[in-house]
Chemist: 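A single structure is presented below for examination.
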Amino acid sequence: MMIELAVIGGTGVYALGELGDVETHQPVTHYGAPSGPIRVGTYAGKRVAFLARHGEGHSLPPHRINYRANLAGLKAVGASRVLALNTVGGITSHCGPRVLACPDQLIDYTWGRISTFCEEPGSEVLHVDFGDPYTPALRASIIAAATHACVPLVNIGCYGATQGPRLETKAEIARMRRDGCDLVGMTGMPEAGLARELGLDYACLAIVANWAAGAGPDPDEVITLQDVLDNVAAAMDGVPRLLGALLGT
Ligand code: HPA
């Protein structure tokens, strides 16, 4: 059955509280099992799927996530549009903690992850267009929904995907700033590229949890997990309204 929207939750977002009449799916895909159960239910009158990217108990680090199984699993349950929630660090001044942002570009600094479905001998070689890594029409709907629901949203930006799981050095962040990155996270790739290969509409709603290393007003600030979780919880405040508006349109 068709699903209006699939939401992938990142660090600090392990469920969608507003989802009603929830059914649980545990598809086993050609690429293995997704990070955890896919919860499908009703949200603002529409069918919505939710998957916790790191697992519902946050047991998977970014480089261990089976991104292919996650996306193939969502597609198998009927999803064609994916909203990826990504917890990130903020690099540029308008992307401070608790900001929500919908980036339009990305730079991939990850390595050693399986980043394509064209991996197996004999599989079709795809060279998908990726000039605009996030689906423009879905981004436009998210931005319109945020405006409609009066949820402040930074509606542009470049997401830099790092390998992790450690946080970055100040020099790495300074380089990413010179490269043009506004946001830094560990899970944006290969997810976005794989979604494009599968023909899924895909956009990112980035939740800024902290200033990236050396990027904030106190360059010696130490990033703690508690700050990250507190800021994600605060920034998530407007997300149900934004999702309600997105699904209502
Ligand atoms: N760097 C990378 N990933 C992150 C950060 C960060 O500072 N904060 C949350 N996810």
Side-chain angles (χ1 to χ4, degrees), residues 7-14 31-36 51-71 82-92 95-101 103 105-116 130 133-134 157-195 202-216 219-233 235-236:
V7 178
I8 301 179
T11 298
V13 186
Y14 305 109
Y31 308 96
S35 299
L51 173 64
R53 185 186 286 113
H54 297 271
E56 291 180 350
H58 200 126
S59 52
L60 293 166
H63 62 292
R64 287 286 189 198
I65 291 166
N66 189 340
Y67 294 94
R68 295 195 301 178
N70 285 354
L71 290 167
V82 177
L83 174 63
L85 303 180
N86 293 89
T87 300
V88 299
I91 299 177
T92 43
C95 292
R98 305 191 174 192
V99 160
L100 293 176
Q105 276 299 325
L106 68 77
I107 299 179
D108 187 7
Y109 301 90
T110 65
W111 49 270
R113 303 181 182 186
I114 299 176
S115 56
T116 177
F130 203 48
Y134 303 111
C158 180
Y159 176 114
T162 55
Q163 178 67 4
R166 66 165 177 81
L167 295 164
E168 299 73 33
T169 67
K170 293 176 187 174
E172 286 168 337
I173 294 299
R175 180 182 72 152
M176 292 178 76
R177 189 195 291 275
R178 291 193 297 276
D179 284 353
C181 295
D182 299 287
L183 307 161
V184 54
M186 301 174 191
T187 52
M189 283 294 282
E191 199 173 87
L194 291 168
Y202 180 95
C204 164
L205 182 62
I207 302 161
V208 184
N210 55 277
W211 286 111
D220 295 323
E221 185 186 22
V222 173
I223 302 162
T224 68
L225 182 61
Q226 197 53 52
D227 289 343
V228 166
L229 295 177
D230 289 349
N231 287 331
V232 172
M236 279 297 290

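By convention here, the first residue in the shown sequence is residue 1.
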Chemist: Find out whether I8 and L71 are in side-chain contact, i.e. whether some heavy atom of one side chain is under 4.5 Å from a heavy atom of the other.
Modeler: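 When only atoms from C-beta onward are counted, L71 and I8 do touch, with a gap below 4.5 Å.
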
Chemist: Quick one: closest heavy-atom pair of A215 and G90, and the distance?
Modeler: CB-O, 3.6 Å

Chemist: With a 3.5 Å distance limit and no angle check, can you tell me whether N70 reaches the backbone of S35 through a side-chain donor-acceptor pair?
Modeler: yes

Chemist: Where is the tightest heavy-atom contact between L100 and A235, given as atom of each residue plus distance?
Modeler: CD2-O, 3.7 Å

Chemist: Taking only residues two or more places apart in sequence or in another chain, which ones pass salt bridge (charged side-chain N to carboxylate O under 4.0 Å, His left out) with R68?
Modeler: none

Chemist: To the nearest 0.5 Å, what is the distance between OH (Y31) and CG (L194)?
Modeler: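 That separation rounds to 9.5 Å.
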
Chemist: Report the residues that fulfil side chain to side chain contact (heavy atoms under 4.5 Å, CB included) with N210, sequence neighbours left out, ordered by chain and then residue number.
Modeler: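 Checked N210 against side chain to side chain contact (heavy atoms under 4.5 Å, CB included); matches are I223, V228.
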
Chemist: If you take all heavy atoms of R113 and M189, which pair is closest and at what distance?
Modeler: NH1-O, 2.8 Å

Chemist: Which residues satisfy the side chain to side chain contact (heavy atoms under 4.5 Å, CB included) test with E221, sequence neighbours excluded?
Modeler: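 With sequence neighbours excluded, E221 shows a side chain to side chain contact (heavy atoms under 4.5 Å, CB included) to W211, D218, given in chain and number order.
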
Chemist: Give me each pair satisfying salt bridge (charged side-chain N to carboxylate O under 4.0 Å, His left out) with a member in residues 205-214, each pair once, sequence neighbours excluded.
Modeler: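 For residues 205-214, and leaving out neighbouring residues, there are no salt bridge (charged side-chain N to carboxylate O under 4.0 Å, His left out) pairs at all.
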
Chemist: Sub-3.5 Å donor-acceptor pair from the side chain of R53 to the main-chain atoms of I65, do we have one?
Modeler: no

Chemist: For the pair Y202 and Y134, name the ring-plane relationship: parallel under 30°, tilted 30 to 60°, perpendicular over 60°.
Modeler: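 Y202 and Y134: parallel rings.
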
Chemist: Mind listing the closest non-hydrogen atom pair of C181 and T92 along with its distance?
Modeler: O-CG2, 4.1 Å

Chemist: Any donor and acceptor pair, going by atom type alone, linking the side chain of Y159 with main-chain N or O of G188 inside 3.5 Å?
Modeler: yes

Chemist: Is any side-chain heavy atom of M176 less than 4.5 Å from a side-chain heavy atom of T162?
Modeler: yes

Chemist: On a heavy-atom basis, which atom in V232 and which in T87 lie closest, and how many Å separate them?
Modeler: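 Minimum heavy-atom separation between V232 and T87: CG2-CG2, 3.6 Å.
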
Chemist: Within this structure, what is the OH-OG1 distance for the pair Y67 and T187, rounded to the nearest 0.5 Å?
Modeler: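 Answer for the OH-OG1 pair, Y67 versus T187, is 5.5 Å.
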
Chemist: Would you sort out whether V208 and N231 count as a side-chain contact (heavy atoms from CB on, under 4.5 Å), showing the intermediate values?
Modeler: CA-CA 7 Å; V208 184; N231 287 331; over 6 Å; no

Chemist: For I91 and A212, which heavy atoms make the closest approach, and how far apart are they?
Modeler: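 Nearest pair, atom of I91 first, then A212: CG1-CB, 3.9 Å.
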
Chemist: As an exercise, state the distance from SG of C158 to CG of L183, rounded to the nearest 0.5 Å.
Modeler: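 So the SG of C158 and the CG of L183 are separated by 8.0 Å.
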
Chemist: Is there a donor-acceptor pair under 3.5 Å between the side chain of H54 and the backbone N or O of L60?
Modeler: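 Judged by distance alone, yes, a pair lies under 3.5 Å.
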
Chemist: Quick one: pull up OG1 in T224 and CG in L229 and give me the separation to the nearest 0.5 Å.
Modeler: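 The OG1 atom of T224 sits 8.5 Å away from the CG atom of L229.
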
Chemist: Provide the full list of salt bridge (charged side-chain N to carboxylate O under 4.0 Å, His left out) pairs with a residue in residues 168-190, sequence neighbours left out, each pair given once.
Modeler: R166-E172, K170-D220

Chemist: For N66, which residues count as a side chain to side chain donor-acceptor pair (under 3.5 Å) partner, sequence neighbours excluded?
Modeler: none

Chemist: Can you tell me how far OG1 of T11 sits from CE of M186, rounded to the nearest 0.5 angstrom?
Modeler: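 Between M186 CE and T11 OG1, I get 8.0 Å after rounding to 0.5 Å.
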
